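Before any comments, here is the structure.
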Amino acid sequence: MGPTKVISKAGALYEVKTDKLVQDGLPTRTEQETYAAQHYIALPVIDKAGKQWVLEGQPVFCLHGTQYETVDDQKVHLARCPDCGGMGIRDDEPLVESDCIRCVQCGHEFDTRLEMMET
Ligand SMILES: [Zn+2]
């Protein structure tokens, strides 16, 4: 069992699956992140502008710093765009033997293997 996935609505955090109130009185992302750090919950991933990642209409959650999962606990191969913090999806080119990731927001292409070496 991973951390509880939550979404924020009007300054309160709700369990994404059950819609159960987890905590209210957290109007800002900073306060929500502080709360998340002290509890076993995961917040939706946002880009540098604070916009939530959306994959097939659903928010995306980051677990253990590198693993991305959907609301339904499906592991997804995504990466964070180094430019805008947007969602990078793998290019579905069956003929290309690469790990090329493309940001859905700014179109920036990057290689996750390179990103990992740099960090
Ligand atoms: Zn980007």
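None of these values were measured; they are calculated from a predicted model. First listed ligand is number 1; within each ligand, the first listed atom is number 1.
- Ser8 is linked by a side-chain contact (heavy atoms from CB on, under 4.5 Å) to Leu13, Gln32, counting only residues two or more places apart in sequence or in another chain.
- Excluding water, every protein N/O/S atom under 2.8 Å from the Zn ion (ligand 1) is given here by residue and atom: Cys81 SG, Cys84 SG, Cys103 SG, Cys106 SG.
- Taking Val76 as the reference, Leu55, Tyr68, Thr70, Leu78 meet the side-chain contact (heavy atoms from CB on, under 4.5 Å) condition, with sequence neighbours excluded.
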If you look only at distance, which donor and acceptor atoms sit under 3.5 Å apart when one is on a side chain in residues 24-31 and the other is two or more places apart or in another chain?
residue	atom	partner	partner atom	Å
Thr28	OG1	Glu31	N	3.1
Thr28	OG1	Glu31	OE1	2.8
Arg29	NE	Glu33	OE2	2.9
Arg29	NH1	Pro44	O	3.1
Arg29	NH2	Pro44	O	3.0
Glu31	OE1	Thr28	N	3.4

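- A salt bridge between Asp73 and Lys5 is present, with a side-chain N of the basic residue lying under 4.0 Å from a carboxylate O of the acidic one.
- Scanning all heavy atoms of the two residues, the minimum distance from Cys81 to Cys84 falls at SG-N, 3.5 Å.
- Note on Ile46 and Met87: separate hydrophobic clusters, where clusters join Ile, Leu, Val, Met, Phe, Trp and Tyr whose side-chain heavy atoms are under 4.5 Å apart, directly or indirectly.
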